[in-house]
Amino acid sequence: METRVQPEMVPKPDIIEEKAPKSLSPFQLAMRRFLKNKLAIAGIGILGFFVIIAIFADVIAPHDPTAYDMYNIEAKASSEHWLGTDSSGRDNFSRLIHGSRISLTIGFFAMMFTILIGVTLGSLAGYYGGKVDSVIMRATDLMLILPFLLLVLTIIAILERINIGIFIVIIAFTTWPQITRIIRATFLSLREKEFILGARSIGASDARIIFRHFLPNAVGPIIVNATLMMANLIIIESALSFIGFGIPQPTPTWGNMITEANSLRMLEGHWEAWLPPGLAILLTVLAINFIGDGLRDAFDSRS
Amino acid sequence: MHKYIIRRILQFIPMLILVTIVVFGLAKAAPGDVLSGERLDPNIPAEVYEMRREALGLNDPIHIQYWNWVTTVASGDFGTSMQYSGRPVADLIASRIMNTVYLSLFALGVTLAIAIPIGIYSASRKYSLFDYGATTFAFLGLATPNFFAGLLAIYIFAFILGWFPSQGSVSAPGLSGIELFLDKLRHLVLPGFTLGLASTAMYMRYMRTEMLEVKGSDFIRTAQAKGLSNNSVLYKHTLRNALIPIITLLGLEFGTLLSGAIITERVFNYPGLGQLFLTSITNRDYPVIMAINLILAVTILVGNLLADIFYAIVDPRIRYD
């Protein structure tokens with residue numbers, strides 16, 4: 001649930017000799033290693049499947065996911081409603097299909113926004129050091145100490161209303177420290193390298209050094225962490241929607257579909273209402289984690 | 001090392017102050033205050049309302065208000081709940097906190113009891129069927145949202161198998177002694193395992209990685225070269241060193257568990273701090289919200305401090321400058 005550094009997940013393969021022609025960049029080499037990772041490819045396949053469903057949701061879904069039908073609530077699965085209907089008579093299957101949109105959109109944009117904040121602050125801290133660094137680092141320490149879920153819920157309570165945009169901002173605002181730390185560490189390890197000194201001595205500006213020399217070298221850690229973070233954010237979104245503080249009804253999300261299972265009667269008698277969205281979250285997160293681990297192994301120069 | 005510990009404690013103090021400032025800031029940002037209800041009451045004249053504001057210090061400059069708040073909180077007075085008409089927040093929290101502590105400890109126990117042995121065994125049988133099985137479990141454990149795992153647990157173990165109760169922390173009032181203890185324990189099983197699932201998956205991987213890392217180090221080769229038995233190398237030399245980072249991570253884990261407990265308690269309708277927090281969020285009961293925020297933040301802060309100090313004590317290789 002929480003953002004935390006995940007341990008190495010896949011047993012690393014024994015060292016594979018790379019017989020690549022000289023012209024390949026480190027990035028291309030990493031991509032080559034990545035494409036050899038079967039789990040990661042499977043992850044891309046599963047994620048691709050969900051992305052296609054999300055794009056064509058309007059075509060695939062047989063019903064309007066927000067149309068309620070009070071005469072037909074909590075219906076069992078039938079040929080009309082493949083997964084039954086929820087407590088407002090909305091078609092569960094259509095909601096499942098449309099839910100992929102929300103989960104993936106929120107996961108992706110919250111991740112991008114988090115990366116934007118994290119990379120900016122991490123670059124500033126790692127590049128300038130000194131006072132800038134200590135202020136930013138104290139802020140990250142503080143954010144890491146505040147209990148994440150409580151903080152998010154408190155902010156939601158204070159704002160008193162929530163939509164997808166606000167939700168993404170809240171998530172990004174509370175999860176950036178992890179990325180900031182990683183970027184800063186990467187910058188610190190690069191700072192003393194000769195090519196940085198070289199760039200500086202030919203009079204390159206700070207911005208040029210950061211964008212042309214530091215950031216390209218940090219691409220690996222950024223991509224890896226962004227991927228794993230997206231998986232985490234999808235879980236967080238679903239959890240918040242499940243407890244009723246995420247995306248409000250009637251917008252379908254996998255998390256708020258599972259809210260139906262809050263009633264023990266539904267949980268016991270209507271597994272078709274809550275099991276599929278749960279499995280959808282599980283599969284999506286699993287796929288993204290496979291991809292993330294594949295990327296980590298690919299970018300890790302030690303392996 | 002002593003210098004390091006002292007410095008670490010000195011760093012703790014500004015962080016503690018920052019945390020209190022943030023919580024105070026959030027409380028101030030929240031709409032309304034203790035007297036909002038009275039302002040809307042037409043029977044209370046505006047002058048009386050102003051006098052009461054003055055008396056409560058709500059018109060004081062912000063830093064004075066902060067100082068008054070800190071000193072009252074430090075004495076254990078978190079104000080009164082808006083929702084439970086005037087019940088002291090401290091009482092509300094006291095009535096719930098032990099349930100959450102039991103739940104977190106149970107989850108922590110589950111995590112350690114499962115993750116460490118499996119991690120060790122996985123590392124010693126690298127790439128075996130067992131290792132792949134453990135990896136699969138870890139992947140699934142990390143990808144399953146806490147609440148979904150909880151629902152599955154209820155469905156399978158409470159409804160289909162009927163082994164454990166699915167709701168609450170105790171089945172009937174009037175139990176005592178060993179019966180009460182066993183009843184509470186039975187109620188802890190499902191939420192405890194649910195809460196511990198993600199950490200178990202993660203620590204299993206940490207443990208495996210650490211064991212493999214330590215195994216490759218020079219002092220293990222020395223131990224083997226001296227002709228020590230496999231068991232002695234494994235348990236005395238490898239395990240002890242591999243456990244160091246694990247134990248320090250546990251200092252950080254308590255915060256994760258306490259946050260995770262919010263969701264788990266909701267699923268199992270377990271009357272702990274998390275349930276109290278969620279009802280307070282729903283009812284915008286800001287005094288309770290802020291008190292729980294503060295208590296958990298300070299718990300995490302202390303956990304981090306203890307983890308760092310412990311690290312300094314058990315691992316003399318670390319240099320501090």
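So that the names make sense, note that chain A is the first sequence line, chain B the second, and so on, each numbered from 1.
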Q: Please lay out, stage by stage, how Phe242(A) and Leu151(B) fare under the test side-chain contact (heavy atoms from CB on, under 4.5 Å).
A: CA-CA 11 Å; Phe242(A) 170 73; Leu151(B) 294 174; 4.2 Å; yes
Q: Sort Leu140(B) into side chain, backbone, both or neither according to what part of it lies under 4.5 angstrom from a heavy atom of chain A.
A: both
Q) Between Ile234(A) and chain B, which part of the residue has a heavy atom less than 4.5 Å away: side chain, backbone, both or neither? A) neither
Q. Less than 4.5 Å apart, any side-chain heavy atom of Leu258(B) and any of Pro147(A)?
A. no
Q) To the nearest 0.5 Å, what is the distance between CG (Leu150(A)) and CZ (Phe277(B))? A) 3.5 Å
Q. Is the shortest heavy-atom distance from the side chain of Asp141(A) to the side chain of Gln11(B) under 4.5 Å?
A. no
**Q.** Spacing of CG belonging to Leu296(B) relative to CG belonging to Leu151(A), to within rounding of 0.5 Å
**A.** 11.5 Å
Q.
Does any part of the side chain of Phe147(B), heavy atoms only, come nearer than 4.5 Å to the side chain of Ile281(A), both counted from C-beta?
A. yes
(Q) Under 4.5 Å from any heavy atom of chain B, what part of Leu240(A) do you find: side chain, backbone, both or neither? (A) neither
Q.
Taking CZ in Phe50(A) as the centre, count heavy atoms belonging to other residues, nucleotides or ligands within less than 6.0 Å. Is the count above 12?
A. yes
Q: For the residue pair Trp274(A) and Phe148(B), categorise the inter-ring angle as parallel (less than 30°), tilted (30 to 60°) or perpendicular (more than 60°).
A: perpendicular
Q: Go through the steps for Leu153(A) and Leu278(B) under the test side-chain contact (heavy atoms from CB on, under 4.5 Å), then give the verdict.
A: CA-CA 8 Å; Leu153(A) 286 169; Leu278(B) 282 183; 3.8 Å; yes
**Q.** Residue, of Leu275(A), Ile288(A), Ile243(A), that accumulates the most heavy atom pairs under 4.5 Å with chain B
**A.** Ile243(A)
Q) Near Phe173(A) CZ, under 6.0 Å, is it more than 12 heavy atoms from other residues, nucleotides or ligands? A) no
Q: Taking the side chain as every heavy atom from C-beta outward, state whether Ile156(A) and Ile281(B) have any pair of such atoms under 4.5 Å apart.
A: no
Q: Quick one: pull up CG in Leu301(B) and CG in Leu144(A) and give me the separation to the nearest 0.5 Å.
A: 11.5 Å
Q: Give, as side chain, backbone, both or neither, the part of Ile289(B) having an atom under 4.5 angstrom from any heavy atom of chain A.
A: side chain
Q) Quick one: of Ile258(A), Leu159(A), Leu142(A), who has the most non-hydrogen atom pairs under 4.5 Å with chain B? A) Leu142(A)
(Q) Tell me whether Leu161(B) at atom CG has more than 12 heavy atoms from other residues, nucleotides or ligands lying less than 6.0 Å away. (A) yes
(Q) Does Phe49(A), at its CZ atom, have more than 12 non-hydrogen atoms belonging to other residues, nucleotides or ligands within less than 6.0 Å? (A) no
Q | Contacting moiety of Ile292(B), where chain A heavy atoms sit under 4.5 Å | A | both
Q: Please lay out, stage by stage, how Leu146(A) and Asn293(B) fare under the test side-chain contact (heavy atoms from CB on, under 4.5 Å).
A: CA-CA 8 Å; Leu146(A) 295 170; Asn293(B) 261 312; over 6 Å; no
